[in-house]
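One structure is given here, and the rest of the page talks about it.
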Amino acid sequence: MTAEGATTAPRWLVLRTLRIRGRADRAHLDEVLGAIVAEPGLRDLVAEGYVEHKAGLLGGYRLTAAGALEQDRLAAELLTGVQQGAMAALDEDFAPLNRRVKEVVSAWQLRSDGSLNDHSDSAYDRRVGREIVELHTPVSAWFDRAIAPLPWFERYRKRLDRAVAAVRRGDHRWIVAPTTDSYHTVWFELHQDLLLALGRPRVNGED
């Protein structure tokens, strides 16, 4: 598989999503990948023994041991030839954006005096919403540089674009809420994927 083909290959996208998430139900995979990608990817990977499905509250699709090895193999293949200097630059440029996202998320959850934001102050919530919308401009510029070495990151950009569009419409749940594919949810997965690509573990407490 070439790096260019990774943006549309169901096999890779399902494997990588499950590597990032640990487990996911079909509805989530359809939402973040699109049913046209998730359905054939899951069908083939389950048949090959790389993905298993478990029922129940904590069930869903997850990688088998063989699936984890296959994901690692494909990741190494896709990253072959990517210059370490380019990856280091992406990492360096990501750091200040990550700090700003954490600041905006914190502002959404806690007011400046440390009290919980109960969302009774609509003007305050609108201000935080404007901050995430404004922050998305440099985030988009970062993606312009990241897509070439990491083409599957285009999926994250589309999901963040959707979250920002919802915030612009006034639906502020898309900033943080875990019940939606919110900006914070997508950002956490994006960060995890970047760390995996860099071969660097997530530090305790690191968002």
Side-chain angles (χ1 to χ4, degrees), residues 1 5-75 78 94 98 101-102 104-105 108-109 129 132 136 139-140 143 146-147 150-169 171-197 201-202 206-207:
M1 184 194 317
T7 57
T8 57
R11 181 189 194 85
W12 164 251
L13 292 172
V14 171
L15 284 170
R16 192 64 165 185
T17 300
L18 293 177
R19 174 64 179 84
I20 300 298
R21 296 274 305 184
R23 63 179 177 84
D25 60 25
R26 176 61 189 273
H28 175 80
L29 291 169
D30 284 351
E31 180 178 26
V32 303
L33 298 178
I36 196 170
V37 172
E39 196 281 329
L42 281 172
R43 182 186 61 235
D44 293 346
L45 291 166
V46 169
E48 295 169 31
Y50 292 137
V51 170
E52 63 182 359
H53 181 267
K54 292 187 177 180
L57 183 62
L58 298 179
Y61 292 95
R62 66 188 68 194
L63 298 181
T64 63
L69 290 174
E70 177 68 359
Q71 193 282 148
D72 290 346
R73 184 189 70 79
L74 289 175
L78 288 169
F94 184 85
N98 190 48
V101 169
K102 289 195 290 185
V104 174
V105 168
W108 180 254
Q109 296 170 327
I132 202 73
H136 192 57
V139 166
S140 295
F143 274 108
I147 296 302
L150 306 169
W152 62 93
F153 274 35
E154 181 65 31
R155 293 278 174 175
Y156 296 111
R157 170 150 60 181
K158 290 179 179 178
R159 292 166 65 193
L160 291 172
D161 285 347
R162 179 175 60 175
V164 163
V167 174
R168 283 197 181 101
R169 294 193 301 268
D171 190 345
H172 294 123
R173 295 175 303 161
W174 287 78
I175 298 174
V176 177
T179 55
T180 67
D181 201 35
S182 67
Y183 206 96
H184 183 243
T185 297
V186 180
W187 190 265
F188 187 90
E189 294 179 17
L190 164 66
H191 191 190
Q192 180 65 17
D193 203 329
L194 179 62
L195 290 173
L196 285 173
R202 186 184 291 272
E206 184 178 28
D207 290 336

[X] side chain to [Y] backbone, donor-acceptor under 3.5 Å:
X    : Y    : value
R11  : L45  : no
T185 : P178 : no
T64  : E52  : no

Those residues at least two apart in sequence (or on a different chain) that pass side chain to side chain contact (heavy atoms under 4.5 Å, CB included) with A197 are R16, L79, M87, L150

Give, for atom [atom1] of [X] and atom [atom2] of [Y], the distance between the pair rounded to the nearest 0.5 Å.
X   : Y    : atom1 : atom2 : answer
R73 : L15  : CZ    : CG    : 9.5 Å
N98 : H191 : CG    : NE2   : 5.0 Å
I20 : F188 : CD1   : CZ    : 9.5 Å
L29 : L42  : CG    : CG    : 5.5 Å

Side chains of [X] and [Y]: does their closest heavy-atom pair fall under 4.5 Å?
X    : Y    : value
F153 : L194 : yes
L190 : F143 : yes
L160 : R157 : no

What pairs with [X] under side-chain hydrogen bond (donor to acceptor under 3.5 Å, both in side chains), at least two apart in sequence or on another chain?
X    : value
R159 : D181, E189
T180 : none
R168 : none

Which heavy atom in [X] sits nearest to a heavy atom in [Y], and how many Å separate them?
X    : Y    : result
Y156 : V186 : O-CG1, 3.9 Å
S182 : A163 : C-CB, 4.2 Å
G49  : A66  : O-CB, 4.2 Å
V37  : P10  : O-CB, 3.3 Å

Among all residues two or more places apart in sequence or in another chain, which pass the ring pair (Phe, Tyr, Trp, His ring centres under 6.0 Å) test with H28? none

Mind running side chain to side chain contact (heavy atoms under 4.5 Å, CB included) on R19 and L63 for me, showing each step along the way? CA-CA 7 Å; R19 174 64 179 84; L63 298 181; 4.2 Å; yes

Between I132 and W174, does the side chain to side chain contact (heavy atoms under 4.5 Å, CB included) criterion hold? Intermediate values first, please. CA-CA 10 Å; I132 202 73; W174 287 78; over 6 Å; no

Which word best sums up how the rings of W187 and Y183 line up, parallel for under 30°, tilted for 30 to 60°, or perpendicular for over 60°?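 Rings of W187 and Y183: parallel, under 30°.
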
Can you classify the ring geometry of W108 versus H172 as parallel (below 30°), tilted (30 to 60°) or perpendicular (above 60°)? tilted

For side chain to side chain contact (heavy atoms under 4.5 Å, CB included), just list the numbers for R26 and E39, CA-CA rounded to whole Å, side-chain angles, deciding distance to a tenth of an Å, and then say yes or no. CA-CA 9 Å; R26 176 61 189 273; E39 196 281 329; 3.2 Å; yes

Audit row: Q109, H184, side chain to side chain contact (heavy atoms under 4.5 Å, CB included) steps and yes/no: CA-CA 12 Å; Q109 296 170 327; H184 183 243; 5.7 Å; no

Per the salt bridge (Lys or Arg N to Asp or Glu O under 4.0 Å) rule, which among R21, R155, R162 passes with E31? R162

Are there over 12 heavy-atom neighbours, none belonging to I36, within less than 6.0 Å of that residue's CD1?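 Not buried by this count: 12 neighbours or fewer within 6.0 Å.
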
Got a sec, which pairs hit ring-ring contact (aromatic ring centres under 6.0 Å, His included) with one end in residues 51-73, sequence neighbours left out?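 Applying ring-ring contact (aromatic ring centres under 6.0 Å, His included) to every pair that reaches into residues 51-73, excluding sequence neighbours, yields H53-Y61.
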
